[in-house]
Amino acid sequence: MKAMIHAQHTGRQGLQFSTTTAQAPGEGEVQIQLKSAGINHRDLFIMAARTVQDEPLILGSDGAGIIVEIGTGVHGLSVGDEVVVHPTLHWEYAVDVPSVPDIVGGPTHGTLAQYITLPARNVLPKPSHLSWEEAGVLSLSALTAYRALFTRGALQPGEHILIPGIGGGVATYALLMAVAAGAKVTVTSRSEAKRKQALHLGASQALDSHDDWHLYSDLEPVDMILDSIGQAMFPKYFDIIRPGGRIVMYGASSGDDLRVPIRSIFFPQVSLIGTSMGSREEFVQMLQWLEEHDVHPVIDRIYSLQDTVEAFERMANGEQFGNLAILVE
C-alpha cells in the first residue's frame with residue numbers, strides 16, 4: 001500500500017511517500033480502506049521528537065473509510081461499513097483518565113496510508129451528514145474540543161467563552177460547538193482575516209491577540225477560557241475572567257512555564273482545569289452531538305496523500321483556518 005512514512009530524520013524532512021505492507025487484522029481487529037484523513041499539530045510535535053534511530057512510522061490520527069476485512073472475534077461490524085477512526089487507544093470511559101493516552105499515529109501506525117488495521121473498539125459509524133473529507137478530519141481535534149468544552153469545562157447555554165488563537169483545528173471545532181450549544185463566543189487572533197472568518201462562523205467578537213483586552217469597553221467578563229497557548233497569553237486572562245470562572249487548558253504552544261500571581265487565582269476563585277484528548281464514551285457522544293446539531297467541520301484545504309508534506313508546511317506556518325484534509329484515494 002502507499003503511505004506517508006516518517007523515517008531516518010528529525011522533523012518534516014523525514015516524510016517520505018512510499019510503499020509498505022498493510023497489516024492483516026488479528027483477533028478483535030478490523031482493516032479499513034481509508035478514503036480520507038487529517039493532520040494535526042500533534043504530528044508536527046511527534047516528528048520533531050523523533051530521531052534517526054526510531055523505527056519508520058506512519059503518522060496521522062484522523063481518518064474515515066470502509067471496512068474491507070474483519071478479524072476473528074469481532075461483532076457488530078461488517079465488511080462494507082462506512083466508519084470513522086476513534087484515535088485514543090484503551091480509554092473506554094471519560095472518568096478513567098490515563099496518565100498519558102496512547103493515540104493512533106504514535107505509538108501505533110496511523111491514518112496517512114491507504115489502509116489501517118485497528119481494534120474494533122476504535123471504529124465507529126461515519127456520521128451520515130458528513131462528506132468523506134469532513135469525516136476524515138474529525139477524530140483528534142473534534143474529540144479534544146468536545147471533552148474540553150463539555151466534560152471538563154461544563155459549558156452552559158448563555159455563558160461567555162473566550163477562545164484564543166482561532167484558526168487551528170481544536171479551536172475551530174470549539175467555536176462551532178460552543179455556538180451550536182448556545183454560548184456567546186469571543187475569539188482572538190493576530191490575523192485580521194482569521195478574525196473575520198470567525199465572525200462569519202458565529203463568533204460574537206474577535207479581538208487582536210496583541211491588544212490589551214481589558215480596554216475593550218464592550219467586552220463582557222468571560223465565564224470560561226479555552227487555552228492552548230500557555231505562557232504567552234496566560235497573564236492576560238485574569239484581566240477579563242469573571243470571578244468563579246474557569247480556564248480549561250489543552251495545550252502549551254508557547255511553552256510550559258507559567259508565572260501567575262497566586263492571588264489572581266484564589267481571591268476570584270478561578271478554576272484551572274487540564275484536559276487532553278478523550279475517551280471512547282465521549283467520542284460516541286460527540287458523533288451523536290454533531291449529527292443532532294448538524295455541525296460540519298471547517299476544511300481549509302484538501303491535499304492528495306502524496307502532497308501531505310505541503311499540508312504540513314501550511315500547518316507549520318500557521319496559515320490554515322480549520323482542518324487540512326488528506327484525500328487518500
Side-chain angles (χ1 to χ4, degrees), residues 1-6 15 17 20 22-25 29-44 46-47 57-70 77 79-89 91 101-146 169-170 173 277-278 280 282-284 286-287 290 296-308 311-312 315 322-329:
M1 69 174 179
K2 296 294 185 180
M4 187 60 65
I5 300 172
H6 189 273
L15 285 170
F17 184 61
T20 188
Q23 177 186 346
E29 295 180 331
V30 299
Q31 185 183 78
I32 303 167
Q33 181 179 4
L34 289 157
K35 306 279 282 185
S36 59
I39 62 172
N40 295 278
H41 279 90
R42 178 178 185 271
D43 302 313
L44 295 175
I46 289 175
M47 286 187 278
L57 177 68
I58 300 172
L59 295 166
S61 304
D62 299 344
I66 298 172
I67 295 177
V68 292
E69 191 174 349
I70 294 179
L77 294 171
V79 170
D81 285 353
E82 297 183 353
V83 295
V84 292
V85 172
H86 163 48
T88 313
L89 300 163
W91 184 7
D102 289 333
I103 300 171
V104 173
T108 66
H109 286 309
T111 56
L112 295 178
Q114 291 178 310
Y115 297 88
I116 187 171
T117 296
L118 291 168
R121 296 294 291 172
N122 286 84
V123 171
L124 287 144
K126 168 186 168 290
S128 59
H129 74 299
L130 299 182
S131 68
W132 281 116
E133 292 84 359
E134 291 172 330
V137 299
L138 272 184
S139 303
L140 188 144
S141 295
L143 177 58
T144 300
Y146 183 87
V170 178
Y173 276 120
M277 294 300 298
R280 185 182 189 277
E282 289 160 308
F283 195 79
V284 171
M286 179 201 72
L287 294 180
L290 292 177
H296 292 255
V298 176
I299 294 182
D300 178 81
R301 289 190 183 180
I302 300 172
Y303 295 83
S304 65
L305 182 60
Q306 56 264 39
D307 292 330
T308 302
F312 276 123
M315 175 173 284
N323 295 92
L324 296 166
I326 307 298
L327 194 61
V328 177
E329 287 189 303

- Can you list every salt bridge (charged side-chain N to carboxylate O under 4.0 Å, His left out) pair that touches residues 104-128, not counting sequence neighbours? Glu92-Arg121

- Message: Checking the side chain of Ser61 only, and the main-chain atoms of Leu140 only, is there a donor and an acceptor separated by less than 3.5 Å?
- Response: no

- Message: So does Ser36 get a backbone contact from the side chain of Glu133, meaning a donor-acceptor N/O pair under 3.5 Å?
- Response: no

- Message: Quick check: do Glu134 and Ile299 have side-chain heavy atoms less than 4.5 Å from each other?
- Response: yes

- Whether Asn122 side chain and Pro87 backbone form a donor-acceptor pair below 3.5 Å: no

- Apply side-chain contact (heavy atoms from CB on, under 4.5 Å) to the pair Asp62 and Ile39, showing each step before the final yes or no. CA-CA 7 Å; Asp62 299 344; Ile39 62 172; over 6 Å; no

- With a 4.5 Å limit on heavy-atom distance, are the side chains of His6 and Asp43 in contact? no

- Message: Minimum heavy-atom separation for Leu327 and Ile302, please, with both atom names.
- Response: CB-CG2, 4.1 Å

- Message: What's the separation between atom CE in Met277 and atom OG1 in Thr144, rounded to the nearest 0.5 Å?
- Response: 4.5 Å

- Message: With rounding to the nearest 0.5 angstrom, report the CG to OH distance, Leu138 to Tyr173.
- Response: 4.5 Å

- Task: Could you check whether the rings of Phe283 and His86 sit parallel, tilted or perpendicular, using 30° and 60° as the cut-offs?
- Result: tilted

- Message: Closer than 3.5 angstrom, by distance alone: can the side chain of Gln31 be matched with the main-chain N or O of Pro25 as a donor-acceptor pair?
- Response: no

- Message: The test is side chain to side chain donor-acceptor pair (under 3.5 Å); show your working for Thr108 and Asp102 and say whether it passes.
- Response: CA-CA 8 Å; Thr108 66; Asp102 289 333; over 6 Å; no

- Please check if the side chain of Thr111 supplies one atom and the backbone of Ala37 the other of a donor-acceptor pair under 3.5 Å. no

